[in-house]
Amino acid sequence: MAVSPIPDDKLQNSDFLTDVLAGLSEEQKTLPCKYLYDEAGSRLFEQICELDDYYLTRTEAAIFREHITAMAQQVGPGALIVEPGAGNCEKVELLLEHLQAPSGYYPIDISPEILLAAKARITARLPNIEVTASIGDFTQADVWQGLKDITPRKRVLFFPGSTIGNFTPEHAEVLLEFFASKLSRGDGLLIGTDLVKDSIVLERAYCDSEHVTEEFNKNILARINSELNANFDLAHFAHRAFYHPLRQRVEMHLVSLKSHTVQIAGRKFEFAEGETIHTENSHKYSISGFNRLLSSAGFTPIRHWCDSEQRYAVHYAQIS
Ligand code: AVI
(Lines give C-alpha, C1' and ligand atoms only; values in the text may rest on other atoms or scores of the structure.)
Protein backbone atom coordinates (compact mmCIF):
# COMPACT_ATOMS: atom_id res chain seq x y z
CA MET A 1 0.00 0.00 0.00
CA ALA A 2 1.35 3.43 -0.94
CA VAL A 3 1.55 5.74 2.08
CA SER A 4 2.46 9.31 1.30
CA PRO A 5 1.61 12.61 2.96
CA ILE A 6 -0.52 15.16 1.16
CA PRO A 7 1.83 17.83 -0.25
CA ASP A 8 2.06 20.80 2.10
CA ASP A 9 0.89 23.29 -0.49
CA LYS A 10 -2.35 21.36 -1.02
CA LEU A 11 -3.78 20.64 2.44
CA GLN A 12 -1.20 22.22 4.61
CA ASN A 13 -0.53 21.54 8.22
CA SER A 14 1.36 24.71 8.98
CA ASP A 15 1.67 27.10 11.82
CA PHE A 16 -1.20 29.26 13.16
CA LEU A 17 0.73 32.57 13.17
CA THR A 18 2.18 32.02 9.68
CA ASP A 19 -1.26 31.13 8.30
CA VAL A 20 -2.99 34.11 9.95
CA LEU A 21 -0.38 36.64 8.75
CA ALA A 22 -0.44 35.19 5.24
CA GLY A 23 -4.25 35.02 5.04
CA LEU A 24 -4.75 38.59 6.26
CA SER A 25 -2.14 39.86 3.79
CA GLU A 26 -4.14 38.64 0.80
CA GLU A 27 -6.31 41.02 -1.21
CA GLN A 28 -9.41 39.11 -0.07
CA LYS A 29 -8.45 38.58 3.55
CA THR A 30 -8.92 34.94 4.57
CA LEU A 31 -8.42 32.70 7.60
CA PRO A 32 -8.20 28.90 7.22
CA CYS A 33 -11.40 27.35 8.59
CA LYS A 34 -9.50 24.68 10.54
CA TYR A 35 -8.65 27.42 13.07
CA LEU A 36 -12.34 27.84 13.93
CA TYR A 37 -12.02 24.69 16.06
CA ASP A 38 -10.20 25.49 19.28
CA GLU A 39 -11.88 24.26 22.48
CA ALA A 40 -14.47 27.07 22.48
CA GLY A 41 -15.04 26.73 18.72
CA SER A 42 -15.55 22.96 18.97
CA ARG A 43 -18.08 23.50 21.77
CA LEU A 44 -19.91 26.09 19.66
CA PHE A 45 -19.90 23.73 16.67
CA GLU A 46 -21.53 21.06 18.85
CA GLN A 47 -24.25 23.60 19.70
CA ILE A 48 -24.68 24.41 15.98
CA CYS A 49 -25.31 20.72 15.29
CA GLU A 50 -28.29 20.85 17.69
CA LEU A 51 -29.90 23.95 16.15
CA ASP A 52 -33.26 23.72 14.36
CA ASP A 53 -31.88 25.84 11.53
CA TYR A 54 -28.82 23.60 11.02
CA TYR A 55 -30.51 20.60 9.37
CA LEU A 56 -27.32 18.76 8.32
CA THR A 57 -26.51 16.76 11.46
CA ARG A 58 -30.01 15.51 12.23
CA THR A 59 -30.73 14.78 8.55
CA GLU A 60 -27.58 12.71 8.19
CA ALA A 61 -28.37 10.87 11.44
CA ALA A 62 -31.89 10.09 10.17
CA ILE A 63 -30.47 8.71 6.89
CA PHE A 64 -28.13 6.45 8.84
CA ARG A 65 -30.97 5.24 11.09
CA GLU A 66 -33.29 4.54 8.17
CA HIS A 67 -30.77 2.81 5.90
CA ILE A 68 -28.29 1.26 8.32
CA THR A 69 -29.15 -2.33 7.37
CA ALA A 70 -28.57 -1.64 3.67
CA MET A 71 -25.37 0.25 4.48
CA ALA A 72 -24.04 -2.59 6.63
CA GLN A 73 -24.86 -5.07 3.85
CA GLN A 74 -23.07 -2.89 1.35
CA VAL A 75 -19.98 -2.76 3.57
CA GLY A 76 -20.16 -6.55 3.95
CA PRO A 77 -18.60 -8.97 6.46
CA GLY A 78 -15.15 -8.76 8.00
CA ALA A 79 -14.59 -5.06 7.32
CA LEU A 80 -12.18 -2.76 9.12
CA ILE A 81 -13.78 0.67 9.50
CA VAL A 82 -11.25 3.52 9.30
CA GLU A 83 -12.45 6.97 10.37
CA PRO A 84 -10.25 10.01 9.64
CA GLY A 85 -11.07 12.93 11.99
CA ALA A 86 -13.18 10.64 14.17
CA GLY A 87 -13.57 13.05 17.14
CA ASN A 88 -15.84 11.44 19.75
CA CYS A 89 -16.63 8.51 17.39
CA GLU A 90 -20.36 8.87 18.06
CA LYS A 91 -21.56 8.61 14.47
CA VAL A 92 -19.84 5.32 13.74
CA GLU A 93 -21.42 3.36 16.60
CA LEU A 94 -24.65 2.56 14.77
CA LEU A 95 -22.68 1.22 11.80
CA LEU A 96 -20.35 -0.85 14.00
CA GLU A 97 -23.37 -2.36 15.77
CA HIS A 98 -24.92 -3.47 12.48
CA LEU A 99 -21.84 -4.86 10.72
CA GLN A 100 -21.37 -8.57 10.26
CA ALA A 101 -18.21 -9.73 12.06
CA PRO A 102 -16.25 -6.48 11.62
CA SER A 103 -12.50 -6.96 11.87
CA GLY A 104 -12.06 -3.73 13.81
CA TYR A 105 -12.31 0.04 14.02
CA TYR A 106 -9.38 2.41 13.35
CA PRO A 107 -10.28 6.00 14.35
CA ILE A 108 -7.79 8.81 13.63
CA ASP A 109 -7.94 12.14 15.48
CA ILE A 110 -5.62 14.88 16.71
CA SER A 111 -7.16 15.00 20.19
CA PRO A 112 -5.85 12.14 22.38
CA GLU A 113 -8.27 12.88 25.25
CA ILE A 114 -11.37 12.73 23.08
CA LEU A 115 -10.17 9.72 21.07
CA LEU A 116 -9.12 7.63 24.07
CA ALA A 117 -12.40 8.38 25.90
CA ALA A 118 -14.29 7.31 22.76
CA LYS A 119 -12.22 4.12 22.50
CA ALA A 120 -13.09 3.24 26.11
CA ARG A 121 -16.80 3.88 25.46
CA ILE A 122 -16.89 1.77 22.28
CA THR A 123 -14.90 -1.07 23.82
CA ALA A 124 -17.30 -1.16 26.79
CA ARG A 125 -20.31 -1.18 24.51
CA LEU A 126 -19.02 -3.42 21.71
CA PRO A 127 -16.36 -5.62 23.33
CA ASN A 128 -15.97 -7.80 20.23
CA ILE A 129 -14.68 -4.92 18.16
CA GLU A 130 -10.95 -4.28 18.32
CA VAL A 131 -10.40 -0.50 18.43
CA THR A 132 -6.99 0.80 17.33
CA ALA A 133 -6.86 4.53 18.06
CA SER A 134 -4.39 6.49 15.95
CA ILE A 135 -3.56 9.96 17.28
CA GLY A 136 -2.55 12.69 14.85
CA ASP A 137 -3.49 14.69 11.78
CA PHE A 138 -5.19 12.45 9.24
CA THR A 139 -3.64 14.32 6.31
CA GLN A 140 -0.22 13.05 7.46
CA ALA A 141 1.23 9.64 6.54
CA ASP A 142 2.31 8.49 10.04
CA VAL A 143 -1.21 8.08 11.44
CA TRP A 144 -2.04 5.54 8.71
CA GLN A 145 1.02 3.36 9.39
CA GLY A 146 -0.81 1.22 11.97
CA LEU A 147 -3.02 -0.13 9.19
CA LYS A 148 -0.02 -2.18 8.00
CA ASP A 149 -0.46 -4.48 11.01
CA ILE A 150 -4.14 -5.19 10.36
CA THR A 151 -5.20 -7.45 7.50
CA PRO A 152 -8.99 -7.31 7.23
CA ARG A 153 -11.09 -8.76 4.43
CA LYS A 154 -11.69 -5.17 3.34
CA ARG A 155 -11.20 -1.61 4.52
CA VAL A 156 -13.97 0.97 4.49
CA LEU A 157 -13.25 4.64 5.15
CA PHE A 158 -16.01 6.40 7.07
CA PHE A 159 -16.14 10.18 6.51
CA PRO A 160 -19.53 11.57 7.63
CA GLY A 161 -20.62 15.10 8.58
CA SER A 162 -20.18 16.81 5.18
CA THR A 163 -16.61 17.62 6.23
CA ILE A 164 -15.59 17.14 2.59
CA GLY A 165 -17.67 20.28 1.83
CA ASN A 166 -15.22 22.45 3.76
CA PHE A 167 -12.54 21.74 1.14
CA THR A 168 -12.65 23.44 -2.25
CA PRO A 169 -13.50 20.89 -4.97
CA GLU A 170 -9.82 20.92 -6.02
CA HIS A 171 -8.63 20.15 -2.49
CA ALA A 172 -11.49 17.68 -1.95
CA GLU A 173 -10.20 15.75 -4.95
CA VAL A 174 -6.68 15.73 -3.49
CA LEU A 175 -8.04 14.50 -0.15
CA LEU A 176 -10.15 11.77 -1.77
CA GLU A 177 -7.14 10.68 -3.86
CA PHE A 178 -5.15 10.51 -0.64
CA PHE A 179 -7.90 8.34 0.90
CA ALA A 180 -7.92 6.15 -2.23
CA SER A 181 -4.15 5.67 -1.82
CA LYS A 182 -4.83 3.99 1.56
CA LEU A 183 -7.20 1.47 0.01
CA SER A 184 -6.99 -1.52 -2.29
CA ARG A 185 -9.29 -3.03 -4.87
CA GLY A 186 -12.74 -3.79 -3.39
CA ASP A 187 -12.27 -1.44 -0.42
CA GLY A 188 -14.89 1.26 0.16
CA LEU A 189 -15.71 4.79 1.26
CA LEU A 190 -18.90 5.80 3.10
CA ILE A 191 -19.15 9.59 3.00
CA GLY A 192 -21.76 12.27 3.81
CA THR A 193 -22.39 15.34 1.65
CA ASP A 194 -24.82 18.21 1.91
CA LEU A 195 -26.89 18.63 -1.26
CA VAL A 196 -27.47 21.75 -3.37
CA LYS A 197 -30.81 23.26 -2.39
CA ASP A 198 -32.88 26.42 -1.92
CA SER A 199 -30.60 29.26 -0.84
CA ILE A 200 -33.03 30.34 1.91
CA VAL A 201 -32.69 26.97 3.66
CA LEU A 202 -28.91 27.06 3.22
CA GLU A 203 -28.47 30.60 4.46
CA ARG A 204 -30.65 29.97 7.52
CA ALA A 205 -28.42 27.02 8.42
CA TYR A 206 -25.32 29.26 8.48
CA CYS A 207 -26.99 32.43 9.80
CA ASP A 208 -29.10 30.88 12.52
CA SER A 209 -31.73 32.74 14.49
CA GLU A 210 -30.00 31.93 17.78
CA HIS A 211 -26.73 33.56 16.58
CA VAL A 212 -24.59 30.56 17.54
CA THR A 213 -22.90 30.50 14.12
CA GLU A 214 -22.12 34.20 14.56
CA GLU A 215 -20.38 33.41 17.85
CA PHE A 216 -18.58 30.43 16.23
CA ASN A 217 -17.34 32.65 13.38
CA LYS A 218 -16.21 35.50 15.65
CA ASN A 219 -14.47 33.06 17.99
CA ILE A 220 -11.63 32.80 15.47
CA LEU A 221 -10.81 36.48 16.22
CA ALA A 222 -10.92 35.83 19.97
CA ARG A 223 -8.55 32.91 19.41
CA ILE A 224 -6.13 35.10 17.45
CA ASN A 225 -6.27 37.68 20.26
CA SER A 226 -5.47 35.17 22.98
CA GLU A 227 -2.95 32.99 21.15
CA LEU A 228 -1.21 35.50 18.87
CA ASN A 229 -1.17 38.68 20.93
CA ALA A 230 -3.65 40.57 18.74
CA ASN A 231 -6.22 43.27 19.48
CA PHE A 232 -9.27 42.47 17.38
CA ASP A 233 -12.40 44.15 18.77
CA LEU A 234 -15.12 41.59 18.08
CA ALA A 235 -17.76 44.37 18.19
CA HIS A 236 -16.18 45.85 15.07
CA PHE A 237 -17.09 42.78 13.01
CA ALA A 238 -20.37 41.26 11.88
CA HIS A 239 -21.07 37.67 10.83
CA ARG A 240 -22.18 37.17 7.21
CA ALA A 241 -23.05 33.89 5.48
CA PHE A 242 -24.46 33.65 1.97
CA TYR A 243 -24.95 31.05 -0.73
CA HIS A 244 -22.90 31.56 -3.90
CA PRO A 245 -24.91 29.68 -6.56
CA LEU A 246 -22.15 29.53 -9.19
CA ARG A 247 -19.60 28.17 -6.75
CA GLN A 248 -22.29 26.03 -5.08
CA ARG A 249 -21.10 26.93 -1.65
CA VAL A 250 -22.06 28.84 1.46
CA GLU A 251 -19.34 31.37 2.25
CA MET A 252 -18.83 32.58 5.77
CA HIS A 253 -17.25 36.03 6.28
CA LEU A 254 -16.54 38.53 9.04
CA VAL A 255 -17.41 42.06 7.90
CA SER A 256 -15.54 45.04 9.28
CA LEU A 257 -18.14 47.54 10.49
CA LYS A 258 -15.76 50.51 10.36
CA SER A 259 -12.40 51.54 9.01
CA HIS A 260 -9.80 50.51 11.60
CA THR A 261 -6.38 48.96 12.26
CA VAL A 262 -5.65 45.70 14.08
CA GLN A 263 -2.26 44.64 15.46
CA ILE A 264 -1.20 41.01 15.40
CA ALA A 265 2.18 39.96 16.80
CA GLY A 266 3.53 43.46 16.13
CA ARG A 267 2.15 43.70 12.56
CA LYS A 268 -0.57 46.13 11.51
CA PHE A 269 -3.56 45.21 9.34
CA GLU A 270 -5.89 47.86 7.92
CA PHE A 271 -9.59 47.13 7.57
CA ALA A 272 -11.83 49.31 5.42
CA GLU A 273 -15.50 49.68 6.35
CA GLY A 274 -17.35 46.79 4.70
CA GLU A 275 -14.17 44.79 3.99
CA THR A 276 -14.46 41.10 4.85
CA ILE A 277 -12.36 38.22 6.16
CA HIS A 278 -13.41 35.02 4.41
CA THR A 279 -13.42 32.33 7.10
CA GLU A 280 -15.10 29.24 5.61
CA ASN A 281 -16.57 27.61 2.53
CA SER A 282 -19.17 24.90 2.77
CA HIS A 283 -19.59 23.31 -0.65
CA LYS A 284 -22.87 21.72 -1.66
CA TYR A 285 -23.04 18.95 -4.24
CA SER A 286 -25.61 17.40 -6.53
CA ILE A 287 -25.53 13.59 -6.58
CA SER A 288 -24.07 13.60 -10.10
CA GLY A 289 -21.54 16.32 -9.20
CA PHE A 290 -20.27 14.35 -6.21
CA ASN A 291 -20.16 11.15 -8.26
CA ARG A 292 -17.94 12.98 -10.76
CA LEU A 293 -15.65 14.09 -7.93
CA LEU A 294 -15.46 10.51 -6.58
CA SER A 295 -14.63 9.19 -10.05
CA SER A 296 -11.93 11.76 -10.68
CA ALA A 297 -10.32 10.77 -7.34
CA GLY A 298 -10.21 7.08 -8.28
CA PHE A 299 -13.42 5.77 -6.69
CA THR A 300 -16.34 4.06 -8.40
CA PRO A 301 -19.66 5.41 -7.07
CA ILE A 302 -21.84 2.44 -6.09
CA ARG A 303 -24.95 3.86 -4.44
CA HIS A 304 -26.27 6.63 -2.24
CA TRP A 305 -29.03 7.20 0.32
CA CYS A 306 -30.95 10.48 0.79
CA ASP A 307 -33.64 11.85 3.08
CA SER A 308 -37.15 12.34 1.66
CA GLU A 309 -36.56 16.09 1.15
CA GLN A 310 -33.31 15.45 -0.78
CA ARG A 311 -31.36 17.68 1.59
CA TYR A 312 -28.43 15.40 2.29
CA ALA A 313 -26.77 12.28 0.87
CA VAL A 314 -24.61 9.44 2.15
CA HIS A 315 -22.56 7.87 -0.67
CA TYR A 316 -20.88 4.48 -0.89
CA ALA A 317 -18.03 4.24 -3.39
CA GLN A 318 -15.34 1.64 -3.91
CA ILE A 319 -11.96 1.07 -5.46
CA SER A 320 -12.58 -1.04 -8.56
C1 AVI B 1 -17.94 20.96 9.86
N2 AVI B 1 -18.69 21.45 8.71
C3 AVI B 1 -19.24 20.34 7.92
C4 AVI B 1 -19.70 22.49 9.00
C5 AVI B 1 -20.41 22.92 7.70
O6 AVI B 1 -21.64 22.85 7.69
O7 AVI B 1 -19.75 23.29 6.74
C8 AVI B 1 -19.04 23.69 9.66
C9 AVI B 1 -20.00 24.82 9.95
N10 AVI B 1 -19.77 26.08 9.75
C11 AVI B 1 -20.79 26.81 10.11
N12 AVI B 1 -21.75 26.01 10.52
C13 AVI B 1 -21.25 24.74 10.46
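Quick note: numbers below take in every heavy atom, side chains included, and nothing from hydrogens, waters or symmetry partners. First listed ligand is number 1; within each ligand, the first listed atom is number 1.
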For this session: Using non-hydrogen atoms of the residue, decide whether Gly165 is closer than 4.0 angstrom to ligand 1.
Result: no

Exercise. Considering only heavy atoms of Ser282, which atoms of ligand 1 have at least one such atom less than 4.0 Å away?
Worked result: 5 (C), 6 (O), 7 (O)

Exercise. So is Tyr54 polar-close to ligand 1, meaning N/O to N/O under 3.5 Å?
Worked result: yes

Exercise. Can you list the ligand 1 atoms lying under 4.0 Å from a non-hydrogen atom of Tyr37?
Worked result: 1 (C), 8 (C)

Exercise. What protein heavy atom sits nearest atom 2 (N) of ligand 1, and how far away is it?
Worked result: Asn166 OD1, 2.8 Å

For this session: Is it possible for you to check whether Lys29 lies under 6.0 Å from the centre of the six-membered ring of Phe271, through NZ or CZ, and within 45° of that ring's axis?
Result: yes

Problem set entry | Face-on cation placement of Arg303 at Tyr316 ring, 6.0 Å and 45° thresholds | no

Seminar exercise, completed: For Ser162, the ligand 1 atoms with a heavy-atom partner under 4.0 Å come out as 3 (C)

For this session: For the pair Lys91 and Glu93, find out whether any cationic side-chain nitrogen is under 4.0 Å from an anionic carboxylate oxygen.
Result: no

Problem set entry | For Tyr206, atoms of ligand 1 separated by under 4.0 Å from a heavy atom | 5 (C), 6 (O), 7 (O), 10 (N), 11 (C), 12 (N), 13 (C)

For this session: Heavy-atom contacts with Gly161 under 4.0 Å: which atoms of ligand 1 show up? List them by number with element.
Result: 3 (C)

Problem set entry | Protein contact to atom 10 (N) of ligand 1 [nearest heavy atom, distance to 0.1 Å] | Glu280 OE1, 2.7 Å

Exercise. Given Phe158, which of Tyr106, Phe64, Tyr105 fulfils the ring-ring contact (aromatic ring centres under 6.0 Å, His included) condition?
Worked result: Phe64

For this session: Mark up the atoms of ligand 1 that fall under 4.0 Å of a heavy atom belonging to Phe216, in ascending order.
Result: 10 (N), 11 (C)

